[in-house]
Asks: 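Submitted below is the structure of interest, expressed as structure tokens.
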Amino acid sequence: DNQLDGEVGLPKYIDVAYPMVLMSDTAGGFWGAASISWLHVDATGKAVRRFNLGVDAPRGPGVALSPTELIVPGGEGSSHDPRSIFLFDTEAMTWKELHRDERMLGAFAATGGDVYFVAYAFDSPTFTIERLALAPGARPVTVTPRLEGWGRVGLAVAQDGTLYVATTTEHIVLAGDGSVRSRKAIRS
């Protein structure tokens, strides 16, 4: 159903193929974002929100803090080169910039009032994982050594702070203090 929030009438079904970023909504459902379109599907499979944003709005692969609050990248350089982290309140339809960085930012994960994100180095094909407390005036703290990799990096965090990282060449498990627990090469 491609009907926007607030539209009345029969559902509008379309058959359009375009890439969509998916993220859990923390309550059994998910958010999907593609270009300027946003879709929230709840745990029962019902589409509960559908709206479009302007082309200048932050967007891209993020992480949900709750079913209505999302952390999304954006800012200078567009969604292809994000440099800022925004808190998007999907009920109030408001954005709040939490952090602006000089580095290009990648994958996001969240747990216990902290957001973790990938920050790519300028001088080498490496990255670090940073932790940003969701508190006024908080600054990111580097929690990992430099890790090899450029391009797609997957990131997940457990409630105890254990970090799970997937690059195009290996899977890495790190303790909450950034020490490496395991590394396993993968075939490409």
Side-chain angles (χ1 to χ4, degrees), residues 17-26 30-35 38 57-66 69-88 95-135 137-188:
Y18 52 89
M20 180 174 274
V21 172
L22 299 176
M23 55 192 126
S24 166
D25 75 352
T26 73
F30 65 91
W31 278 93
S35 184
W38 290 76
R59 63 184 179 271
V63 64
L65 301 176
S66 74
E69 289 186 316
L70 309 174
I71 297 292
V72 292
E76 189 178 325
S78 83
S79 62
H80 300 291
D81 185 17
R83 307 284 173 117
S84 295
I85 299 170
F86 289 89
L87 175 62
F88 177 25
W95 301 91
K96 179 181 178 186
E97 187 178 57
L98 301 177
H99 172 67
R100 183 177 298 203
D101 209 296
E102 293 179 357
R103 300 164 294 180
M104 189 172 88
L105 307 180
F108 292 87
T111 189
D114 291 326
V115 173
Y116 294 79
F117 61 93
V118 171
Y120 294 99
F122 286 120
D123 59 352
S124 65
T126 62
F127 64 92
T128 58
I129 297 174
E130 312 282 321
R131 182 180 67 239
L132 177 67
L134 294 174
R139 303 292 311 152
V141 174
T142 303
V143 294
T144 66
R146 278 190 178 204
L147 301 168
E148 294 290 323
W150 187 255
R152 294 228 180 250
V153 174
L155 177 64
V157 62
Q159 288 182 341
D160 68 357
T162 301
L163 295 166
Y164 300 89
V165 181
T167 71
T168 57
T169 59
E170 66 181 328
H171 292 158
I172 309 165
V173 178
L174 302 125
D177 65 1
S179 60
V180 177
R181 286 189 181 168
S182 69
R183 292 183 99 133
K184 182 177 180 180
I186 58 172
R187 289 188 238 175
S188 33

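Not measured: the values here are computed from a predicted model. Scope of the values below: all heavy atoms of this structure, side chains included, with no hydrogens, waters or symmetry mates.
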Asks: Which pair of heavy atoms, one from R139 and one from L132, lies closest together, and at what distance?
Replies: C-CD1, 3.8 Å
Asks: For R131 and I129: C-alpha separation, side-chain torsions, deciding distance, then whether side-chain contact (heavy atoms from CB on, under 4.5 Å) applies.
Replies: CA-CA 7 Å; R131 182 180 67 239; I129 297 174; over 6 Å; no
Asks: If I take atom CD from residue E148 and atom CZ from residue F127, how far apart are they, to the nearest 0.5 angstrom?
Replies: 9.0 Å
Asks: What's the shortest heavy-atom distance between G62 and M23, and which atoms?
Replies: C-SD, 3.6 Å
Asks: Can you say whether the rings of F108 and F117 are parallel (under 30°), tilted (30 to 60°) or perpendicular (over 60°)?
Replies: tilted
Asks: Tell me, do V115 and H99 make a side-chain contact under 4.5 Å, heavy atoms counted?
Replies: no
Asks: Nearest 0.5 Å, please: how far is CG in L134 from CD1 in I71?
Replies: 5.5 Å
Asks: Which heavy atom of Y164 sits nearest to which heavy atom of A158, and what is that distance?
Replies: CE1-CB, 4.1 Å
Asks: Just checking F88 against W38, ring centres under 6.0 Å apart?
Replies: yes
Asks: How close do A64 and L70 get, counting heavy atoms only, and between which atoms?
Replies: CB-CD2, 3.6 Å
Asks: Can you tell me how far CD of E102 sits from CZ of R83, rounded to the nearest 0.5 angstrom?
Replies: 8.5 Å
Asks: Quick check: do V72 and W95 have side-chain heavy atoms less than 4.5 Å from each other?
Replies: yes
Asks: When rounded to the nearest 0.5 angstrom, what is the spacing between CG in L155 and OG1 in T167?
Replies: 12.0 Å
Asks: With rounding to the nearest 0.5 angstrom, report the CD1 to OG distance, I172 to S182.
Replies: 9.0 Å
Asks: Where do A110 and L65 come nearest, in terms of heavy atoms and distance?
Replies: CB-CD2, 3.7 Å
Asks: Measuring from R146:CZ to Y120:OH, what's the distance to the nearest 0.5 Å?
Replies: 14.0 Å
Asks: Report the C-alpha separation of T142 and E130 in whole Å, then their side-chain angles, then the decisive distance to 0.1 Å, and conclude whether the side-chain hydrogen bond (donor to acceptor under 3.5 Å, both in side chains) test is met.
Replies: CA-CA 4 Å; T142 303; E130 312 282 321; 2.9 Å; yes
Asks: How far apart are the closest heavy atoms of L147 and R183, and which atoms are they?
Replies: CD2-NH2, 3.9 Å
Asks: Partners of D101 by salt bridge (charged side-chain N to carboxylate O under 4.0 Å, His left out), sequence neighbours excluded?
Replies: R103
